Amino acid sequence: MAETAYEANGFNLQGAEETTEAKWYVVHTYSGYENKVMDNIKRYVENHNMYELIPDVMIPMREVVEAGGSADGLSDNDGGSEDFGTSKKAKEPKKVKLFPGYVFIKMVMNAETWYVVRNTRGVTGFVGPASKPSPLSNEDLERMGLVTELVEEVPFSVGDEVNIIAGQMEGFSGKVISIDTKRHKVQVSVYMFNRSTPAELDISQVKAAEF
C-alpha cells in the first residue's frame, strides 16, 4: 500500500497529543478566509467519509443590531428641524463573527486529521502555546461564552425515523432511541436482517428520514 502524504512526511503533530475522542480545537486563518476554510474542511470530510474523525466545523457567530439610515436615503437634518416625509429604517439584527480570523474544529487529533486541517488553504496554524494544537477545555468554552454556541443542534428527536449516511451501517435506517450531545452520539435501533439491532453512532452519521 502506498504511503499517504501525512505518513510519508512523518509529521509530528507539532507536538500535539493524539486523542481517541473528538475535542474542540481552534485554527487561525488569513483574514476573510474563515468561511472558505470551514467549507473546504467540511467538503473534504464528506468526500473522504471522515465524519467520525472530524464531526464538526464551525464559526461562532453573534447577533448585533445596527441602525439603518433614512428610508429615502436622506441624511439626518443637522439643523435640528424635523424632516417630514422621511423615516428611519427599523433596526435589523445582523450576524457577525464572534472571533474573526478563527475557525473552531471538533476533531480526533492524529496525523491524518492534523495534516488535513493544517494543509487546508487559508489556515495559518493551530492555536496553542508555540502553535502546539491544544484542545479547548470546558472552562475555556465557558470563559469564551461558547458553551451554548458549540452545543450541536440535532435535526431529529427521540423516536424519529433516521437514515444512516456514513460508517459501516451506511444505507440502513432505524429509529432514534436516545441522543447524547455531550458525547456527540446517538443510539439508534437499526432495521437489519429482519430484526432491530441497537447501535451507537456519531450524530453526523445520521440524517432525519424524508417521507
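It should be emphasised that the depicted structure is a prediction, and the values quoted were computed from it without experimental measurement.
- Thr113 contributes atom OG1, which lies 10.5 Å from atom OH of Tyr44 (distance to the nearest 0.5 angstrom).
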Go through it in stages, so that I can follow the logic: the residues are Lys185 and Leu201, the test is side chain to side chain contact (heavy atoms under 4.5 Å, CB included), and I'd like the CA-CA distance, side-chain angles, deciding distance and then a yes or no.
CA-CA 6 Å; Lys185 299 294 182 181; Leu201 302 165; over 6 Å; no

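- If you take CD on Glu139 and CG on Leu136, they are separated by 11.0 Å, rounding to the nearest 0.5 Å.
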Side chain to side chain contact (heavy atoms under 4.5 Å, CB included) between Val26 and Ile105, intermediate numbers included:
CA-CA 6 Å; Val26 184; Ile105 305 170; over 6 Å; no

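- Judged by distance alone, the side chain of Arg121 and the main-chain N or O of Val37 form no donor-acceptor pair under 3.5 Å.
- When the side chains of ILVMFWY residues are joined at heavy-atom separations under 4.5 Å, either directly or via intervening members, Val190 and Ile165 end up in two distinct hydrophobic clusters.
- A donor-acceptor pair under 3.5 Å links the side-chain atoms of Ser137 to the main chain of Asp140, judged by distance alone.
- Contact record, Tyr102 with Thr29: N-OG1, 4.4 Å, taken as the closest heavy-atom pair.
- In this structure, the side chain of Ser134 engages the main chain of Lys132 through a donor-acceptor pair within 3.5 Å.
- Atom OH of Tyr191 is surrounded by more than 12 heavy atoms from other residues, nucleotides or ligands within 6.0 Å.
- In terms of the side chain to side chain donor-acceptor pair (under 3.5 Å) criterion, residue partners of Asn40 (sequence neighbours excluded) are, by chain and number, Arg43.
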Side chain to side chain contact (heavy atoms under 4.5 Å, CB included) for Glu46 and Tyr51? Distances and angles first, verdict last.
CA-CA 7 Å; Glu46 180 179 357; Tyr51 295 103; 3.3 Å; yes

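- Val176 and Ser157 get closest at one heavy-atom pair: CB-O, 3.5 Å.
- Atom-to-atom distance recorded for His28:NE2 and Thr124:OG1 is 5.0 Å, nearest 0.5 angstrom.
- At distances below 3.5 Å, not a single donor-acceptor pair connects side-chain atoms of Ser196 with backbone N or O atoms of Met192.
- In terms of heavy atoms, Phe156 sits closest to Ile179 at O-CD1, 3.5 Å.
- In terms of heavy-atom proximity, Asp180 sits nearest to Ile203 at O-CD1, 4.3 Å.
- To the nearest 0.5 Å, atoms CE (Met107) and CD1 (Ile54) are separated by 5.5 Å.
- Phe126 approaches Trp114 most closely through the heavy-atom pair CE1-CD1, 3.7 Å.
- Taking CE of Met58 as the reference point, atom CE of Met61 lies at 9.0 Å (rounded to 0.5 Å).
- Every side chain to side chain contact (heavy atoms under 4.5 Å, CB included) that Thr19 has, sequence neighbours left out, goes to Lys23, Tyr25, Val108, Met109.
- Taking a 6.0 Å sphere around CD of Gln187, one finds it holds more than 12 heavy atoms contributed by other residues, nucleotides or ligands.
- Rounding to the nearest 0.5 Å gives a distance of 8.0 Å between CD of Glu200 and OG of Ser178.
- Within the 4.5 Å cutoff, no side-chain heavy atoms of Val162 are placed close to those of Lys207.
- Every residue was checked against the ring-ring contact (aromatic ring centres under 6.0 Å, His included) condition with Phe172, not counting sequence neighbours, and none meets it.
- Using a 4.5 Å heavy-atom threshold, the side chains of Met169 and Gln205 count as separate.
- Under the 4.5 Å side-chain heavy-atom criterion for ILVMFWY residues, a single connected hydrophobic cluster contains both Ile59 and Val57.
- Between the side chain of Glu34 and the backbone N or O of Gly101, at least one donor-acceptor pair lies under 3.5 Å.
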Take Val123 and Asn119, measure what side chain to side chain contact (heavy atoms under 4.5 Å, CB included) needs, and give me the verdict at the end.
CA-CA 7 Å; Val123 172; Asn119 288 277; over 6 Å; no

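- Between Phe104 and Pro60 the shortest heavy-atom distance is CD1-CD, 3.3 Å.
- Cluster membership for Val103 and Tyr115, using ILVMFWY side-chain heavy atoms within less than 4.5 angstrom, is shared.
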